Amino acid sequence: MRSIRRAMLLGSAAGVLLILGAAGVIVDAGARRVLLQELDRSLEDKSRLLASTLALTTKGLEVDFAEYDMREFGREREPSHLLLWQSDGSLLFASKRADRRGLAPLAGTRDDPLERSLTLADGQRVRVVQLEFAPRLDIEEDEPEDASGTHLTPTPDIPRITLVLARDTSGIDATLVRLRGLLLVVGLATALAVLLVLRSEVRRGLRPLDLLAREIAALDAACLTGRIDLPDTPLEIVAVVARLNELMARLDGAFRRERTFSADIAHELRTPLSGLRTSLEVELSRPREAAGYRRTLEESLTIVARMQDMVQTLLLLCRLESGQLPVECREVDLAGMTREILGSLSGIARARGLKLRECLPISLPLRSDPALLETVVRNILANAIEHADENGYVRIEPTPEDEMPGLRVTNSGSRVAQDVVPALFERFVRGDAARGDTGLHCGLGLALIGRTAATLGLAVRVTTEAGGDFSITLSAPKTPAGPA
């Protein structure tokens, strides 16, 4: 199993070692470059000094190093080397231990010194500086002259001389070896110290996660009312704690609804089943006329139909909530559909003495699933007709022009206050607690409306005033509806 603590430590260790290694390489390269630059500068100064002693006279080239300290070219251990080459490739001067094969002039000509590193035939590592120059002209003052003042002895041609000076670099190499050892020791010690500090800081930084794990482990599956509360919660896990608490709240609500679901169904079915059983028992208690049996059977059929509607509604809700109901969208005339449904419910409205006021336009196009949209509209109209007060009214009108296209259904005689509207969309919830027609109105209408509208992507808004009007507004989405 992957560990965050281990991953952080390994990643930090790799990063620290990489940074220290890169820093060590840079320091080593910089130190070598500085040391070689100092050595090159010393060799260049020495080369120019030696070049200044070479003179061209009428007798030829004269090399005089007697006045300079030349002991470095004659010592047995780690000697320096000096060679002077003429432009024709002949050797003019070579120090005692100079290796002619390894110290040949470099290709090309340069007036400025040219530096390079070499390994000689005997394994000696040296730094070489090459300088090409013209010797100074040294003509004696007492040489004979003619009447015009011109020397009678002709001036010789001035040749080009190449000076090759090499110095041993074993001291620099030893210094660099010591520096690398020091860098390695310091780097390893620094890496170890950084890892120890990181280990402590990572453990301290991840302590809130350990506390969070213990808090979650302490939650009781039988009681989900508890919430996670961490003291001094770090900013990085505040969102995690908040989302977990929201999840706990949703789970608590879901389990509560699940626990009460069976009780709600039993409660809703108990009254109609008791009425049905009582009617049948009374009817079977003694012989009766055929008309009495028929009346009892009709009443029983009405109760069974109500229970069947409730079961079908519950099944439809379950399919909607599980996403098993397919949605096929196409153009639907919402106004025409509403008029057809209103016509099928007009008999119930007349029986209750209601005035139906339909103010819809000729056509109200909407893109949606026809079957599910019909379920929503039918339940909205049935809810308005069933809950309007006797001899009241039901008004059907389009939504205002500043809103998305849809319809608004209003009924008079509302018994519901605005503050209880959110609860109306829960299953088995009635806005009017005083109603005693259990089995006839089971509190599933608005739950079905809300869930079906959400599946279609439609918006449902309820406004109500106790003793006034109850309005349900169904409006189209801003984008075409699709499966939820």
Side-chain angles (χ1 to χ4, degrees), residues 3-50 68-83 95-106 112-131 163-206:
S3 170
I4 296 179
R5 182 180 287 106
R6 187 182 298 111
M8 293 179 65
L9 285 175
L10 291 177
S12 301
V16 169
L17 291 176
L18 181 62
I19 292 173
L20 290 177
V25 171
I26 293 173
V27 171
D28 178 72
R32 179 178 178 82
R33 181 178 179 182
V34 170
L35 292 175
L36 289 179
Q37 285 178 346
E38 291 294 328
L39 179 60
D40 291 343
R41 190 176 298 111
S42 173
L43 290 174
E44 289 174 10
D45 293 341
K46 186 79 170 181
S47 299
R48 290 190 175 93
L49 180 62
L50 294 173
Y68 299 104
D69 185 5
M70 304 292 287
R71 287 177 298 176
E72 61 180 297
F73 300 108
R75 60 192 176 196
E76 295 290 334
R77 186 177 181 182
E78 300 175 359
S80 297
H81 307 287
L82 174 64
L83 295 97
S95 61
K96 182 178 180 181
R97 299 184 180 279
D99 188 341
R100 301 184 184 183
R101 292 172 298 172
L103 294 174
L106 301 176
D112 295 329
L114 182 64
E115 302 90 4
R116 65 172 176 174
S117 296
L118 287 178
T119 301
L120 302 182
D122 58 357
Q124 183 186 10
R125 292 173 58 84
V126 295
R127 185 71 173 175
V128 178
V129 170
Q130 175 179 306
L131 179 64
L163 182 148
V164 178
L165 179 62
R167 182 171 295 175
D168 186 85
T169 59
S170 56
I172 293 178
D173 295 337
T175 301
L176 290 176
V177 169
R178 289 194 298 271
L179 177 62
R180 289 166 189 158
L182 179 62
L183 288 175
L184 180 61
V185 172
V186 173
L188 292 177
T190 303
L192 181 60
V194 170
L195 288 179
L196 292 176
V197 173
L198 280 175
R199 184 168 177 265
S200 174
E201 289 300 313
V202 167
R203 180 180 300 173
R204 186 172 66 87
L206 294 179

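Remember, predicted model here, so these are calculated numbers, not experimental data.
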Rounded at 0.5 Å granularity, tell me how far CG in Leu82 sits from NZ in Lys46. 9.0 Å

Would you sort out whether Glu201 and Met8 count as a side chain to side chain contact (heavy atoms under 4.5 Å, CB included), showing the intermediate values? CA-CA 11 Å; Glu201 289 300 313; Met8 293 179 65; over 6 Å; no

Sorted by chain and number, sequence neighbours left out, side chain to side chain donor-acceptor pair (under 3.5 Å) with Arg203 holds for none

Can you find a heavy atom in the side chain of Leu36 that is under 4.5 Å from one in the side chain of Glu38? no

Quick one: side chain to side chain donor-acceptor pair (under 3.5 Å) partners of Glu44, sequence neighbours excluded? none

Can you confirm whether Arg32 sits close enough to Asp173 that some side-chain heavy atom of one is under 4.5 Å from a side-chain heavy atom of the other? yes

Can you tell if the side chain of Gln124 reaches within under 4.5 Å of the side chain of Ser170, non-hydrogen atoms only? no

Side chain to side chain contact (heavy atoms under 4.5 Å, CB included) between Arg48 and Leu131: does it pass, once the steps are laid out? CA-CA 8 Å; Arg48 290 190 175 93; Leu131 179 64; 4.1 Å; yes

How would you list, by chain and number, every residue that makes a side chain to side chain donor-acceptor pair (under 3.5 Å) with Gln37, sequence neighbours excluded? none

So how far is it from Arg116 CZ to Leu114 CG, rounded to the nearest 0.5 Å? 7.5 Å

Arg199: which residues meet the salt bridge (charged side-chain N to carboxylate O under 4.0 Å, His left out) condition with it, sequence neighbours left out? none

Enumerate donor-acceptor pairs with a distance under 3.5 Å from any side-chain N or O in residues 175-198 to protein atoms, sequence neighbours excluded.
{"from": "Thr175", "atom 1": "OG1", "to": "Gly171", "atom 2": "O", "distance (Å)": "2.9"}
{"from": "Thr175", "atom 1": "OG1", "to": "Arg178", "atom 2": "NH2", "distance (Å)": "3.3"}
{"from": "Arg180", "atom 1": "NE", "to": "Asp28", "atom 2": "OD1", "distance (Å)": "2.7"}
{"from": "Arg180", "atom 1": "NE", "to": "Asp28", "atom 2": "OD2", "distance (Å)": "3.4"}
{"from": "Arg180", "atom 1": "NH2", "to": "Asp28", "atom 2": "OD2", "distance (Å)": "3.4"}
{"from": "Thr190", "atom 1": "OG1", "to": "Val186", "atom 2": "O", "distance (Å)": "2.7"}

Separation between CZ of Arg167 and OG of Ser80, rounded to the nearest 0.5 Å: 5.0 Å

Regarding Arg125 and Asp168, does a basic nitrogen lie under 4.0 Å from an acidic carboxylate oxygen? no

In chain order, what residues pass the side chain to side chain donor-acceptor pair (under 3.5 Å) check against Asp45, with sequence neighbours excluded? none

Do Ser47 and Gln130 have side chains that approach each other closer than 4.5 Å (heavy atoms only, starting at C-beta)? no

Let's go through Leu120 and His81 carefully: what are the C-alpha distance in whole Å and the side-chain angles of both, what is the deciding distance for side chain to side chain contact (heavy atoms under 4.5 Å, CB included) to 0.1 Å, and is it a yes or a no? CA-CA 11 Å; Leu120 302 182; His81 307 287; 3.7 Å; yes

Mind checking the CG-OG spacing from Leu165 to Ser95? Nearest 0.5 Å is all I need. 8.5 Å

Between atom CZ of Arg33 and atom CG of Asp40, what is the distance when rounded to the nearest 0.5 Å? 11.0 Å

